[in-house]
Amino acid sequence: MTDDAGKCWIDFDNTRGSVLLGHGDPQTAEAVARAATGSLGAATGWSPLLDTVVSRLLELCGGEVVGLFRTGTSAVRAAVLAVRETVGAPLVLSAGYHGYDPMWSPAKAPFEPNADGVVDFFFDLDALADLLRDRERVAAVVISPDHMHLSPRWYERARALLAAAAVPLIVDEVKVGLRYGPGLSTAHLLDADVWVAAKGIANGFPAAAVGGSRTLLKPLREISYTSFFEPTVLAAAERTLARVATGLPQRIVRETGDRFVEHARAALDGASLPVEVAGDGTFFQFVPATREVKKALYKAAEEEGLLFYRGDNQAVSAAFGPDVLADAQTRFTRVCDRLAPFAGAGPVGEDARYLAAWSVMDGLREAERDARQTREWVERLLDD
Ligand SMILES: Cc1ncc(COP(=O)(O)O)c(C=O)c1O
């Protein structure tokens with residue numbers, strides 16, 4: 001990307017991880033242009049385009065029914081409220097970020113329900129097990145999966161707990177869905193009754209989807225809104241879903257990202273810098289040892305024209321060809337040169353790892369700890 005001053009940037013933010021194919025992807029742009037001039041139908045009713053998008057979503061993510069929304073926030077909210085209405089119990093147990101809606105506001109005290117009956121268990125499975133003792137009052141569990149700070153073991157245990165409690169599970173795959181492969185990233189890890197996907201659907205265009213059990217999602221039957229049939233969004237979704245269904249863009253992203261991550265880890269290590277890299281080529285995150293290192297890292301990156309999503313997950317797009325990768329690697333080596341004053345200032349400690357995970361997943365990383373330590377970490381990180 002080139003900014004107004006003519007400076008050239010390499011983008012690892014990619015519209016908060018929603019641009020998978022690359023900015024201005026030619027195939028998407030062409031389909032959107034045709035839709036904008038009316039050749040794919042008007043925005044007044046059902047169309048073959050809408051049917052195609054809906055069928056593709058069901059094919060890729062599973063389920064009996066699917067509903068379309070504009071943002072991840074509205075889709076997750078709709079899914080959770082629908083399931084709660086169907087089940088008829090007051091509480092929702094939650095882990096992770098689900099959007100800006102006030103229904104996700106923190107409670108007065110950790111592990112207590114907030115005003116909307118949402119109890120955050122911050123990804124701590126002992127806390128989840130504890131909360132599930134009150135099973136009769138729980139309508140659903142909603143989890144935003146993360147693959148940087150949670151391992152398959154975490155999912156295995158979560159799956160067992162949920163199966164034993166027989167509580168409906170909503171997976172909020174707004175961020176990760178369709179990015180790790182042509183389907184839900186937790187298809188093999190969890191048994192979701194309802195799923196939500198968004199960032200992987202339309203290459204940055206405003207589309208989100210809820211799918212799953214017809215019974216649980218029944219309250220959404222009549223939901224509609226002004227721009228429901230808007231054809232440019234559907235065109236972007238149709239093109240993007242056709243591409244992600246092949247798994248090819250995700251493979252390119254993973255391989256290119258892996259090569260960048262490998263280079264970044266080696267460069268940081270070679271310069272003895274106190275920064276770890278969590279995750280893999282699909283999504284990765286810098287874990288700086290201190291606030292000073294963090295500030296210096298993002299400043300140096302800015303100077304070198306590497307556009308990172310500050311403190312959050314970094315994501316390459318499928319448009320990163322070999323030249324862009326090589327350029328990004330060279331720039332990152334120069335970032336490490338600029339950080340020379342921090343050489344040997346390590347190591348990266350538990351505090352830094354917990355803080356990084358909290359910044360990206362609004363919860364606790366997977367680690368050994370007892371109930372007292374869990375509470376201490378949550379209180380510290382909420383305060384931060
Ligand atoms: C897991 C998750 N859920 C929900 C949302 C909210 O989506 P949106 O910003 O599209 O409203 C996000 C946004 O980053 C997200 O990462």
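Start at 1 and go down the list; that is how both ligands and their atoms are numbered.
Remark: the D3 side chain and the W9 side chain contain an N/O donor-acceptor pair separated by less than 3.5 Å. For the residue pair H98 / S144, a side-chain donor-acceptor distance below 3.5 Å is found, with atom types taken as modelled. For the residue pair E238 and T52, no side-chain donor N or O sits within less than 3.5 Å of a side-chain acceptor on the partner.
The protein heavy atom nearest to atom 4 (C) of ligand 1 is H98 C, 3.4 Å. Looking from atom 5 (C) of ligand 1 to the surrounding protein, the closest heavy atom is V174 CG1, 3.6 Å.
When the side chains of ILVMFWY residues are joined at heavy-atom separations under 4.5 Å, either directly or via intervening members, V65 and V76 end up in a single hydrophobic cluster. At a threshold of 4.5 Å between side-chain heavy atoms, the hydrophobic network of Ile, Leu, Val, Met, Phe, Trp and Tyr places V378 and F123 in two separate groups.
Close N/O approach between D172 and ligand 1 is found [any backbone or side-chain N/O within under 3.5 Å]. Close N/O approach between G99 and ligand 1 is not found [any backbone or side-chain N/O within under 3.5 Å]. At least one N/O-N/O distance between Y97 and ligand 1 falls below 3.5 Å. Taking only nitrogen or oxygen atoms, main chain and side chain alike, K175 does not reach within less than 3.5 Å of ligand 1. Below 3.5 Å of separation, one finds an N or O of K199 facing an N or O of ligand 1.
The distance from ligand 1 to the heavy atoms of G72 drops below 4.0 Å at these ligand atoms: 6 (C), 7 (O), 8 (P), 10 (O), 11 (O). Here is the list of ligand 1 atoms found below 4.0 Å of a heavy atom in T73: 6 (C), 7 (O), 8 (P), 11 (O). Heavy-atom contacts of S144 reach the following atoms of ligand 1: 1 (C) (cutoff under 4.0 Å).
Under the 30°/60° scheme for interplanar angles, the aromatic rings of F332 and F260 are found to stand perpendicular.
Contact annotation for R16 and ligand 1: no heavy atom of the residue comes within less than 4.0 Å of the ligand.
Taking the side chain as every heavy atom from C-beta outward, D13 and F308 never approach each other to under 4.5 Å.
Nearest heavy atoms, A95 versus D120: CA-OD1, 4.0 Å.
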